[in-house]
Amino acid sequence: MARVRVWLTPADFVQAANDFVDAHGLDALTMRALGERLGVDPTALYRHFPSKDALIAAMLDDMMGSILVAWDAEEQPPRERLRQLLLAARSVFLRNPNLVPAFIVSSGQLPNALAVMRRGLAALEEMGLSGDVLVQAMQMIEGYVIGASVFDLARAPEHYEVRRQRYRAVEHAAYDWRALTNDHVHRVTATAFARGLDGLLAVCERLAAVSVRR
């Protein structure tokens, strides 16, 4: 019986690469290892991706595209629309701990990443920000969302246990109570992020008000 040839699309390779990285980490990803996982010769990958870096760029863009898929707030006022976009980004980053560090050192010039940024900028402009203040506000937001996610994901998948042990080492009653279980730590971390985000968006609103008075 003739062997059935399976034609894999670039999206198939990206999904397989994401699954591989979830299981083994980004450093373990090679074209050969991915080819073996899919049962194809590594040259099949090179027909779609000229290098491992090109494959990783496609993976990062796929990750950023999932933010747009998760975001469902187009009819909301600009502040809430922006808040939901950033919470969607946070959720996606938490699901992809092995890819977030690669995104930080990437050029960021990925179609979906740029689309996410443009939606954020549009919301800020509707809030009344423009010029230098607009750029500064967007940079503040990027730094907070990405930086907090990287910090919170350190040592993933054991990150909540690592943080729980750090809480216990503080030897403070408030920290001791929140260090009872990893679920306690998770709830504190999620609440802290949301409150920090709300504070940052309030700052953006104040910046817009100052800009108007000028």
Side-chain angles (χ1 to χ4, degrees), residues 18 20-29 56-57 59-71 79-80 82-110 112-114 116-117 119-121 123-124 135-207:
N18 284 330
F20 182 93
V21 168
D22 284 345
H24 306 289
L26 189 61
D27 290 342
L29 177 66
I56 292 174
M59 295 165 65
L60 295 175
D61 201 45
D62 180 70
M63 177 181 73
M64 298 306 291
S66 62
I67 295 173
L68 299 174
V69 172
W71 180 61
R79 172 172 170 164
E80 182 58 24
L82 179 57
R83 184 178 187 274
Q84 292 303 320
L85 180 67
L86 300 175
L87 288 174
R90 163 79 168 185
S91 177
V92 168
F93 290 154
L94 292 181
R95 292 199 305 270
N96 295 274
N98 292 323
L99 279 182
V100 175
F103 178 71
I104 293 174
V105 298
S106 73
S107 68
Q109 296 181 27
L110 306 166
N112 286 323
L114 293 172
V116 170
M117 186 171 185
R119 281 166 173 73
L121 286 170
L124 287 170
V135 177
Q136 291 163 9
M138 193 66 210
Q139 191 156 325
M140 287 161 48
I141 287 169
E142 285 182 305
Y144 176 70
V145 175
I146 298 174
S149 297
V150 170
F151 179 71
D152 291 338
L153 287 168
R155 301 281 298 277
E158 297 87 16
H159 47 296
Y160 291 126
E161 175 60 22
V162 170
R163 181 164 286 185
R164 190 178 76 85
Q165 295 298 333
R166 189 184 306 143
Y167 280 7
R168 293 182 65 84
V170 174
E171 296 183 346
H172 187 287
Y175 277 79
D176 289 343
W177 176 250
R178 274 81 194 167
L180 289 177
T181 68
N182 288 350
D183 285 341
H184 283 73
V185 176
H186 174 267
R187 287 195 293 271
V188 169
T189 301
T191 302
F193 178 84
R195 288 182 171 173
L197 179 59
D198 287 337
L200 187 57
L201 293 177
V203 169
C204 290
E205 287 184 323
R206 287 197 291 272
L207 289 173

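Numbering starts at 1 and runs along the sequence shown. The shown structure was predicted, so the numbers you read here are calculated from the model rather than taken from an experiment.
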Side chain to side chain, [X] and [Y], heavy atoms closer than 4.5 Å:
X: Val92; Y: Arg95; answer: yes
X: Glu205; Y: Leu201; answer: no
X: Val188; Y: Arg163; answer: no
X: Val145; Y: Phe93; answer: yes
X: Asp152; Y: Tyr160; answer: no
X: Met64; Y: Leu60; answer: no

Shortest non-hydrogen contact between Asn98 and Leu26, atoms and distance: O-CB, 3.9 Å

Spacing of OG belonging to Ser91 relative to CG belonging to Leu86, to within rounding of 0.5 Å: 12.5 Å

With sequence neighbours excluded, residues passing ring-ring contact (aromatic ring centres under 6.0 Å, His included) with His24: Phe20

Within 6.0 angstrom of Tyr175 OH, more than 12 heavy atoms from elsewhere: no

Residues forming a side-chain contact (heavy atoms from CB on, under 4.5 Å) with Glu80, sequence neighbours excluded: Gln76, Pro77, Arg83, Gln84

Counterpart residues, side-chain contact (heavy atoms from CB on, under 4.5 Å), relative to Ala70 (two or more places apart): Ala88

Donor-acceptor pair between His184 and Thr181 side chains, under 3.5 angstrom: yes

Donor-acceptor contact below 3.5 Å, side chain Tyr167 vs main chain His172: no

